[in-house]
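Below: one structure, written as structure tokens.
Ligands are counted one by one from 1 in listed order, and the atoms in each one are counted from 1 as well.
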Amino acid sequence: MQPEPKPRPRAVSVRPVQPGDSVLLDRWRREPEVRRHQPLNESSVAQLFAELSHQQVGDLYRDRGDKYQWVVLVDAQAAGWITLVITNWTHGLAEIGYALSTPFQRQGLMPQALAIVLRDLYSRTSLRRIEARCAIQNEGSYKVLERLGFQREGRLRDYFVLDGQRVDNYLYAILRRDFLGR
Ligand SMILES: CC(C)(COP(=O)(O)OP(=O)(O)OC[C@H]1O[C@@H](n2cnc3c(N)ncnc32)[C@H](O)[C@@H]1OP(=O)(O)O)[C@@H](O)C(=O)NCCC(=O)NCCS
């Protein structure tokens with residue numbers, strides 16, 4: 001019997017968001033599997049469009065601005081997004097968030113997309129410490145972080161409200177030296 005052919009590796013890339021991605025973001029943000037472990041604010045397409053219109057990725061590489069997003073592409077198809085919130089440029093601090101649309105989850109795609117963004121951030125900006133927080137039940141999320149070299153630094157009790165319940169979060173961080181020294 002012929003062995004099963006190996007599945008073809010899928011090409012993962014990222015591109016900066018454009019205002020027109022607001023329709024996609026709105027659709028993804030409504031998916032129950034995307035919302036399962038994270039409280040997402042209610043935002044209309046118009047609000048998302050306005051927010052995305054402010055993002056000029058060129059500013060990020062001049063160490064300016066406070067929020068940036070990328071669309072994750074899988075074989076050139078839009079599959080999810082990554083968000084970076086700058087908490088302090090003076091100290092080089094930021095927080096990262098991420099989500100894949102349901103059909104793209106559990107295929108090893110997000111670690112690849114995050115690695116591209118982290119490499120870009122740590123080679124082209126002055127950021128030194130990138131944090132991520134996730135609900136302690138979000139096993140997929142913290143496994144992705146640990147695979148990339150994020151370290152768990154603590155447990156944030158009652159950190160947010162999800163479906164009416166207060167939920168603890170884990171705090172993770174990866175330093176520039178952790179990532180570039182791998
Ligand atoms: C969490 C998320 C980003 C993970 O990305 P992904 O590309 O699907 O993750 P991977 O396929 O690389 O899986 C990584 C590991 O987590 C496990 N995993 C993934 N999703 C899981 C889930 N829902 N439940 C349990 N384990 C899961 C995988 O089996 C794998 O385990 P292994 O390292 O032992 O092989 C993705 O599932 C997602 O977008 N979820 C919804 C949005 C979300 O929760 N975002 C994070 C908010 S903090």
Find all protein N or O atoms under 3.5 angstrom from an N or O atom of ligand 1 and list the pairs with distances, or write 'none'.
unit_1, atom_1, unit_2, atom_2, d
ligand 1, 7 (O), Leu109, N, 3.4
ligand 1, 7 (O), Met110, N, 2.9
ligand 1, 8 (O), Arg106, N, 2.6
ligand 1, 11 (O), Gln107, N, 3.1
ligand 1, 11 (O), Gly108, N, 2.7
ligand 1, 26 (N), Arg106, NH2, 3.4
ligand 1, 33 (O), Arg147, NH2, 2.3
ligand 1, 34 (O), Lys143, NZ, 3.1
ligand 1, 35 (O), Arg147, NH2, 3.4
ligand 1, 39 (O), Leu100, N, 2.7
ligand 1, 44 (O), Asn138, ND2, 2.9
ligand 1, 45 (N), Tyr98, O, 2.8

From Arg36, Glu31, Glu33, residue fulfilling side-chain hydrogen bond (donor to acceptor under 3.5 Å, both in side chains) relative to Thr102: Glu31
Backbone N/O of Asp158 and side chain of Asp168: donor-acceptor pair under 3.5 Å: yes
Cationic N near anionic O, under 4.0 Å, Arg62 to Asp59: yes
Short side-chain to backbone donor-acceptor contact, Asp75 and Ala11, under 3.5 Å: yes
Parallel, tilted or perpendicular: ring planes of Phe150 versus Tyr172, cut at 30 and 60 degrees: perpendicular
Leu93 backbone acceptor or donor facing Thr87 side chain under 3.5 Å: yes
